[in-house]
Structures are given as structure tokens and as C-alpha cells.
Amino acid sequence: METPLVSIVIVCMNRPDNLYPCLEGIRAHTGVPCETFVVAYRFSPENLAKAQADFPWVRWIISDEVRGFSENNNLALRQARGRYCFVVNDDTQMREDVIGALVRDFERLPADAAIVSPRLLNADGSLQLCGRPPYPARRYVLQQWHLYREPIDDTVGRTPLFGEVFRTSNITGAAFLIRTDIFRGLGWFDETYFFTPEDIALSTLARRRGYGIYVDRSVALIHKWRTTATPISPAIRPAAVRGSLLFFSGGSRVKYALLALPVWLAEFSKRTKAALRLRRDPSEANRIARETFRNITRNIFTRRSPKEIFIRYFHG
């Protein structure tokens with residue numbers, strides 16, 4: 001069996017409507033030897049059978065237990081044979097040879113280069129994200145109060161290393177190419193974080209180990225990111241907030257308390273507003289929002305892990 005240059009890893013939670021365009025884009029626009037893993041997370045038997053028949057070239061990994069983003073990705077990453085791993089969300093779509101371009105970037109990048117990402121676009125073609133600047137704890141707290149908004153383009157006003165490749169500080173988990181040997185040495189994704197901030201945690205660890213992180217502004221990927229409330233938001237969001245506080249506090253109980261208090265106040269304010277909106281308009285979206293903020297405020301000062309919080313509220 002030919003050794004692939006790149007191992008593509010996709011996690012999909014029973015969403016063929018996302019997965020099919022993603023895989024079709026990979027098949028149509030990837031010009032380097034690849035193996036493709038799909039972690040079929042809690043798939044229905046019918047959807048799994050159809051997807052396996054429609055994409056026989058994919059290596060399918062069945063994941064029926066409750067797992068987060070990091071755990072599910074790691075199931076596939078530990079089987080990766082490629083020199084590089086391309087981690088990509090199922091709600092993305094390629095319209096050019098993104099992977100090939102990023103591989104070619106590595107041929108010119110310094111020896112310390114670990115990760116290079118493409119530019120992410122919204123479905124309408126507008127810019128979603130191009131690199132990510134430093135994201136310290138204070139910015140996380142300010143963001144909860146809507147006093148800070150992360151810039152969508154970390155390359156503005158900066159000089160490229162070559163072409164349109166820039167050094168950046170952080171990645172997004174939606175799409176990035178990483179050297180497999182480095183990823184393995186970093187321990188893959190940290191499974192402490194059930195949803196977020198596994199990408200910031202990986203970036204931070206890589207930089208602390210002396211590795212470089214880059215973004216190629218000339219290569220684009222469509223990411224159909226959604227910000228609307230979903231039925232599992234009451235389980236996802238409290239787990240995400242708890243994970244973020246654990247990461248930014250760095251294991252210090254004192255720092256955790258100092259960060260958690262202003263975050264709790266911000267989330268309680270959102271909970272109050274959501275309750276008022278629900279009273280005026282008893283829609284399903286407003287009910288989900290109220291339940292989400294209620295669960296967040298109840299779990300900021302808990303000792304439960306992000307995974308335990310998710311399991312507590314997940315009804316799927």
C-alpha cells in the first residue's frame with residue numbers, strides 16, 4: 001500500500017448534508033497522495049451505510065460513545081500514516097487544491113514550521129478568518145462582555161515571509177495542515193477540552209515548544225460556520241466555557257476564580273436577557289438560549305470536567 005503524503009481527518013456528527021460536499025471537494029481538488037479518515041460520530045445505521053457505499057475510498061471510524069472534538073479527532077490521528085495531517089471540519093468545502101498548496105508551503109517554510117492554515121471564507125465569499133493573533137485570558141474575559149472582538153485578518157499591515165505566507169499565533173480547528181511527527185510529539189489534541197479551546201491549546205503548546213505557526217492568505221476554504229442556537233447548545237456551551245476557564249487559568253485555582261467571576265457575571269446577564277426574551281416570545285430558539293445560559297452559569301464554578309457537563313445536558 002502506497003504511503004500517503006497527507007492524512008485527512010474529518011469528524012462528522014451524523015450530518016451527511018455537511019459531509020458530502022466536503023468529501024466531494026476533497027476528491028475533486030486534492031492533487032497530492034492522501035488517505036482520508038471520517039470519524040462517523042453517532043451516525044444512524046442508514047446514513048452510515050449510504051455514506052460508506054458512496055465514498056468507498058474513505059477510511060471510516062465508528063464513534064458511538066459520547067466524545068468531544070479532541071477525542072474524536074484523536075481516534076483517527078493515531079492511525080495517520082502521512083507526513084502531514086490535514087484536520088478539517090465537515091462543514092467546509094474546497095474549490096481549489098488547498099492541501100497541495102499548503103504542502104508546497106512547507107517546502108519553503110523554516111525548519112521550525114509546525115502548522116500552516118488556509119484563509120477561511122464564509123459561504124457568501126466574505127472573509128471569515130485569516131490567521132489568529134495572541135489570545136490571552138484577559139481578551140477571553142473581555143469578549144464575554146462584548147468588549148473585544150478578535151480580528152478576522154492577522155496579516156493586515158504585516159510583511160509576508162514569502163508569497164502570501166505570514167507568521168501567526170493561533171490556528172482555528174476548522175482547517176489546518178500540521179506535521180505529523182510534531183503533532184504526535186505534542187500528544188495530539190488535548191482531550192481535557194471537550195469542544196473549546198482545543199485549537200488555542202494546541203497552538204500555545206506548539207509555540208512554547210519553539211514551533212512556528214503560519215497562514216497562507218492565497219489559499220481559501222469555504223467554512224459554513226453557524227452561530228444560531230442548536231438543540232445541543234445547552235450541552236455544548238457550558239462545556240466550552242468550563243474548558244476555556246480551565247485552559248486560561250493554567251491549573252491555578254486563584255486565577256480560575258479571578259477569571260470565572262467576571263465570566264459568570266457576563267453569562268448571568270445574558271441569562272437574564274434570554275429569560276425576558278422568552279417571556280415576550282416563547283419560541284424554541286429563545287427557549288434554547290435561556291436554557292443554554294442557565295446551564296453555563298450553573299457550571300462555571302463546578303468541579304465537573306467539560307465532558308461530564310456535556311453528558312449531563314446532552315439528550316441525543
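What you see below is based on every heavy atom in this structure, not just the backbone, and it leaves out hydrogens, waters and symmetry mates.
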So, taking the atom named CG in Leu120 and the one named CG in Leu127, what distance separates them when rounded to the nearest 0.5 Å?
8.5 Å
Sequence neighbours left out, what passes ring-ring contact (aromatic ring centres under 6.0 Å, His included) with Tyr135? Give chain and number order.
Phe248
So, for Ser7 and Gly82, which heavy atoms are closest and what is the spacing to 0.1 Å?
OG-N, 2.9 Å
Looking at CZ of Arg42 and CG of Asp64, how far apart are the two atoms once the value is rounded to the nearest 0.5 Å?
7.5 Å
Between Phe268 and Trp264, how do the two ring planes meet: parallel, tilted or perpendicular, split at 30° and 60°?
parallel
Side chain of Gln52, backbone of Trp60: donor and acceptor closer than 3.5 Å?
no
Is a donor on one side and an acceptor on the other found under 3.5 Å between the side chain of Arg108 and the backbone of Arg104?
no
Cluster question for you: counting only ILVMFWY and a side-chain heavy-atom cut-off of under 4.5 Å, with indirect links fine, are Ile178 and Ile8 together?
no
Do Ile171 and Phe166 belong together in a cluster built from hydrophobic side chains that touch within less than 4.5 Å?
no
Sub-3.5 Å donor-acceptor pair from the side chain of Thr297 to the main-chain atoms of Phe293, do we have one?
yes
Take atom CZ in Arg83; do more than 12 heavy atoms of anything else shown fall under 6.0 Å from it?
no
Residues two or more places apart in sequence or in another chain: which of them pass ring-ring contact (aromatic ring centres under 6.0 Å, His included) with Tyr313?
none
Would a distance-only check, ignoring hydrogens and angles, find a side-chain to backbone donor-acceptor pair under 3.5 Å from Asn74 to Phe189?
yes
With hydrophobic residues grouped by side-chain heavy-atom distances under 4.5 Å, do Ile300 and Leu265 end up in a single group?
yes
Gap between atom CD1 of Ile10 and atom CZ of Phe86 - 0.5 Å precision:
9.0 Å
Do Leu202 and Leu186 have side-chain heavy atoms sitting under 4.5 Å apart?
yes
When you measure from the side chain of Arg119 to the backbone of Arg217, do you find a donor-acceptor pair of N or O atoms at a distance under 3.5 Å?
yes
Salt-bridge contact Glu46-Lys50 (side-chain N to carboxylate O under 4.0 Å):
no
Between the side chains of Asp91 and His223, does any donor sit under 3.5 Å from an acceptor?
yes
Side-chain donor-acceptor pair under 3.5 Å between Arg207 and Asn170, yes or no?
yes
Less than 4.0 angstrom from a charged side-chain N to a carboxylate O is my criterion; do Arg167 and Asp112 meet it?
yes
What closest approach, in Å, do Leu278 and Ser283 show between heavy atoms, and which atom pair accounts for it?
CD1-O, 3.9 Å
Closest non-hydrogen atom pair between Asn295 and Pro234, with its separation:
ND2-O, 3.0 Å
Which residues pass the salt bridge (Lys or Arg N to Asp or Glu O under 4.0 Å) test with Asp199, sequence neighbours left out?
Arg132
Between Met94 and His29, what is the shortest heavy-atom contact and its length?
O-CD2, 3.2 Å
How many angstroms lie between CZ in Phe247 and OH in Tyr140, if you round to the nearest 0.5 Å?
11.5 Å
Does Asn72 use its side chain to pair, donor to acceptor, with the backbone of Gly68 at less than 3.5 Å?
yes
Tyr41 side chain to Arg67 backbone, donor-acceptor under 3.5 Å
yes
Examine the side chains of Asp54 and Tyr20 and answer whether a donor and an acceptor come within less than 3.5 Å of each other.
yes
Show your working on side chain to side chain donor-acceptor pair (under 3.5 Å) between Arg81 and Thr3 and close with a plain yes or no.
CA-CA 7 Å; Arg81 297 181 299 124; Thr3 301; 4.6 Å; no
For the CZ atom on Arg78, are there more than 12 heavy atoms of other groups (residues, nucleotides or ligands in this structure) within a distance under 6.0 Å?
yes
Under 3.5 Å, is there a donor-acceptor pair between the side chain of Asn14 and the main chain of Ser44?
yes
So, Glu191 versus Ser70: side-chain donor-acceptor pair below 3.5 Å or not?
no
Which value, rounded to the nearest 0.5 Å, describes the distance between Leu245 atom CG and Asn299 atom CG?
11.5 Å
Determine, using ring centers only, whether Phe106 and Tyr84 are less than 6.0 Å apart.
yes
Between the side chain of Asp97 and the main-chain N/O of Gly31, is any donor-acceptor distance below 3.5 Å?
yes
Look at the side-chain heavy atoms of Ile, Leu, Val, Met, Phe, Trp and Tyr, link any pair under 4.5 Å apart, and say whether Ile182 and Leu102 land in one connected group.
no
Roughly how far, to the nearest 0.5 Å, is the CZ atom of Arg237 from the CD1 atom of Ile288?
14.0 Å
Sidechain-backbone polar pair: Asn73 side chain, Phe69 backbone, donor-acceptor under 3.5 Å:
yes
Could you walk me through whether Asn89 and Thr92 satisfy the side chain to side chain donor-acceptor pair (under 3.5 Å) test, starting with their C-alpha distance in whole Å, then the side-chain angles of each, then the deciding distance to 0.1 Å, before giving a yes or no?
CA-CA 6 Å; Asn89 279 12; Thr92 60; over 6 Å; no
Minimal non-hydrogen separation, Ile61 against Leu75, with atom names:
CD1-O, 3.9 Å
If you look at every heavy atom in Arg179 and Ala111, which pair is closest and at what distance?
NH1-O, 3.2 Å
